Amino acid sequence: MSAPVVIVGTGLAGYNLAREFRKLDGQTPLLLITADDGRSYSKPMLSTGFGKNKDADGLSMAEPGTMAEQLNAEVRTHTRISGIDPGHKRLWIGEEAVAYRDLILAWGAETVRVPVQGDASELVFPINDLEDYARFRAAAAGKRRVLLLGAGLIGCEFANDLILGGYEVDLVAPCEQVMPTLLHPAAAAAVQAGLESLGARFHLGPVLNRLQRSADGLEAHLSDGQVIACDLVVSAIGLRPRIDLAAAAGLMVNRGVVVDRELKTSHANIYALGDCAEVDGLNLLYVMPLMSCARALAQTLAGNPTAVSYGPMPITVKTPVCPLVVSPPPRGAEGVWSTEGQGADIKVLCRDASGQLLGYALTGAAVMEKLALNKELPALLA
Ligand SMILES: Cc1cc2nc3c(=O)[nH]c(=O)nc-3n(C[C@H](O)[C@H](O)[C@H](O)COP(=O)(O)OP(=O)(O)OC[C@H]3O[C@@H](n4cnc5c(N)ncnc54)[C@H](O)[C@@H]3O)c2cc1C
C-alpha cells in the first residue's frame, strides 16, 4: 500500500482539512494522529460552556470512530508524534516509524505557563482543549470563586462565561486595559465596564506571585501585595504556536512553523496550517484563516496547487454582556483612530490618510454596523 497522507492534529484545522480533502479525493489513504482523545469539537465553544451549562461531553460533536468512518480515514488517538525525519519521509511515534506521502502539521498552539510559587500551584488550570475543559469543570464543581489570569480575548470570554455559570471572578493581568494587543482603549473600557457590571473584579497591573492553601480555599498573593481569596485559578495568559518538533527536524520556524501561501514548509511534502502555522508572515489564532487554509491545502494535496488568500477577518468576541467585534488594521498599515459613541456603544475606526478604512472595533449596539464596514475593509492576504 502507498504511504498515506498524514495529518497531525484533530483540532478544527486537522479535521476540516481532512473533510475538504475527502471532497476531492476519496481514495488516497489518510491517517490522522492526535495526542488527545480525538473527539471532534469546536474549540471556541469552550468559553461558552458554563453559560450554556454544557460539560465536555455536551460540547463533543463526534467520537473519533465516527470521524474515521465519515472521513474514510484511520484516526490514532492518545498518540504523540515525537519526531519528524523529512529526509526519509517518515515521522516518529516513540520508536515506531510511520511513512507519509505528505505530512500536514495541524498541531496547534500551547498555553503559555509561568511558574507560580506556593503549595497550590497545581490548582492553576489552562483551558486549551476539551480535556483541559473537562478537568477544570471537575475541579470547579461545588466551588464558587475563580481567579482568572490574563485579560486577553480568552480571559475576558471566560470571565463572562464563568459569571453566567454562577462563579465569582477576579481577573489579574499585568496590563493597563483588557485585550491590550487587540483593542483600542475606548472599546476595551466598554468591555471592562460590561464585565464589571456583572460583578467581575479587575486587578490590572500586578501578576500572581504565590498561590497558597488556606483554611477557606486558596490565597492568591499578587505582586502589588494584594491577597485574593479564591477556590481555583484559570490561566489564560496567551498561546504559543507549537514549533519545537518542527525546528528539531530542521524546518524553518519563526513565531510559528513558517509556510508559504501554498502552506508548504521549508521542506518538500510537509505542510502546516491552523494555530501552529505562520502563513506568509501571519500567525492568526482564529478559525476563519484556518478554514481558508484547509480549502486551499486540500486542493494542493489533491494535485491542484493552490495559494491561500485571506479577505477581511473580523473577530467576534464572545462577551455577551458587551458584544464586541474587532478588526485590527493589517500589519504595517499606518492609520489614525477616531472614536464615536459613549458608554457601552463605542465605534472606533482606523483610516489611512486617503480615508480608506483599515480596521475597527465596535461594541454594544455599534456591532450592528459591522456588515457595512466589512465591505470597506482591506484583505489581510490579498
Ligand atoms: C477558549 C477559546 C475560545 C476561542 N474562541 C474563538 C472564536 O470565538 N473565534 C475564533 O475564530 N477562534 C477562537 N479561538 C481560537 C480557535 O479555537 C483556534 O484558532 C483553533 O481551534 C485552532 O485549531 P487547530 O486545529 O490549529 O489547533 P488545536 O485545536 O489546538 O489542535 C491541535 C491538535 O494537535 C494535537 N497535537 C499537538 N501536539 C501533538 C503531537 N506532538 N502529536 C500528536 N498530536 C499533537 C492536539 O492533540 C490536537 O488534536 C478560541 C480559542 C480558545 C482557546
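Nothing here was measured: the structure is a model prediction, and the numbers come from that model.
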What side-chain donor-acceptor pairs closer than 3.5 Å can you find for residues 64-72, not counting sequence neighbours?
from, atom 1, to, atom 2, distance (Å)
N72, ND2, G26, O, 3.0

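- Checked by atom type and distance alone, the side chain of S197 pairs as donor or acceptor with a backbone atom of G194 at under 3.5 Å.
- In this view, D280 and R261 satisfy the salt bridge (Lys or Arg N to Asp or Glu O under 4.0 Å) rule, not counting sequence neighbours.
- By the 4.5 Å heavy-atom criterion applied to side chains, L32 and E74 are not counted as neighbours.
- L284 and V258 fall into different hydrophobic clusters, defined by Ile, Leu, Val, Met, Phe, Trp and Tyr side-chain heavy atoms under 4.5 Å apart, directly or through other members.
- Residues forming a side chain to side chain donor-acceptor pair (under 3.5 Å) with N209 (at least two apart in sequence, or on another chain): none.
- Not counting sequence neighbours, the partners of R144 by the side chain to side chain donor-acceptor pair (under 3.5 Å) test are E168.
- Under the 4.5 angstrom side-chain criterion for Ile, Leu, Val, Met, Phe, Trp and Tyr, L164 has no cluster partners at all.
- For E334, the CD atom sits in a loose shell: 12 or fewer heavy atoms of surrounding residues, nucleotides or ligands are nearer than 6.0 Å.
- Within the 4.5 Å cutoff, the side chain of R113 has heavy atoms near those of the P126 side chain.
- Residues satisfying the salt bridge (Lys or Arg N to Asp or Glu O under 4.0 Å) test with D129, not counting sequence neighbours, are none.
- Residue M368 qualifies as open at atom CE: its count of foreign heavy atoms under 6.0 Å is 12 or below.
- In summary, R137 and D55 do not engage in a salt bridge, as defined by a charged side-chain N under 4.0 Å from a carboxylate O.
- Side chain of E157 to backbone of K318: a donor-acceptor contact under 3.5 angstrom is found.
- Taking Ile, Leu, Val, Met, Phe, Trp and Tyr as members and joining any whose side-chain heavy atoms lie under 4.5 Å apart, directly or through other members, the hydrophobic cluster of L290 also contains L12, V287, M291.
- At least one side-chain heavy atom of L362 sits under 4.5 Å from a side-chain heavy atom of L373.
- Here the side chains of S40 and T10 are not in contact, with every heavy-atom distance at 4.5 Å or above.
- Around the NZ atom of K43, the shell of radius 6.0 Å holds more than 12 heavy atoms that belong to other residues, nucleotides or ligands.
- Distance alone, capped at 3.5 Å, is enough to place a donor-acceptor pair between the R213 side chain and the D119 backbone.
- Taking the side chain as every heavy atom from C-beta outward, K52 and M45 approach each other to under 4.5 Å.
- Judged by distance alone, with hydrogens and angles left aside, the side-chain atoms of Y167 form a donor-acceptor pair with the main-chain N or O of A140 at under 3.5 Å.
- For the residue pair D25 / T28, a side-chain donor-acceptor distance below 3.5 Å is found, with atom types taken as modelled.
- Every pair tested for salt bridge (charged side-chain N to carboxylate O under 4.0 Å, His left out) that includes a residue from residues 283-308 fails, sequence neighbours excluded, so the list is empty.
- Other members of the hydrophobic cluster containing I93, listed by chain and number, are V6, V8, L31, I33, I81, I84, L91, V98, Y100, L103, L105, W107, I243, L245, L251, V253, V257, I270; membership follows side-chain contacts under 4.5 Å among ILVMFWY residues, whether direct or relayed.
- Between D231 and L218 there is no side-chain heavy-atom pair separated by less than 4.5 Å.
- Environment of CD in Q226: crowded, with over 12 heavy atoms of neighbouring residues, nucleotides or ligands closer than 6.0 Å.
- Under the 3.5 Å distance criterion, the side-chain polar atoms of D352 are left unmatched by any main-chain donor or acceptor of L358.
- Of the possible polar contacts, one joining the N128 side chain to the A109 backbone as a donor-acceptor pair under 3.5 Å is found.
- Checking side-chain atoms of S82 against main-chain N and O of G94 turns up a donor-acceptor pair under 3.5 Å.
- Side-chain contact between V326 and Y360 is absent, with no heavy atoms from C-beta onward closer than 4.5 Å.
- For F125, the ring pair (Phe, Tyr, Trp, His ring centres under 6.0 Å) partners are F136, not counting sequence neighbours.
- Residues V191 and M179 have side chains in contact (heavy-atom distance under 4.5 Å, counting atoms from C-beta outward).
- Counted by atom type alone, T34 and D36 present one or more donor-acceptor pairs between their side chains at under 3.5 Å.
- Closest non-hydrogen pair, Q192 versus L204, comes out as OE1-CD1, 3.6 Å.
- Environment of CD in E96: crowded, with over 12 heavy atoms of neighbouring residues, nucleotides or ligands closer than 6.0 Å.
- Among residue pairs with one or both ends in residues 250-259, those qualifying as side-chain hydrogen bond (donor to acceptor under 3.5 Å, both in side chains) are N254-E278, R255-N283; sequence neighbours excluded.
- Side chains of D37 and H78: no donor on one and acceptor on the other come within 3.5 Å.
- Environment of NZ in K264: sparse, with no more than 12 heavy atoms of neighbouring residues, nucleotides or ligands closer than 6.0 Å.
- I346 shares a hydrophobic cluster with W337, V348; the chain of contacts runs through ILVMFWY side chains whose heavy atoms sit under 4.5 Å apart.
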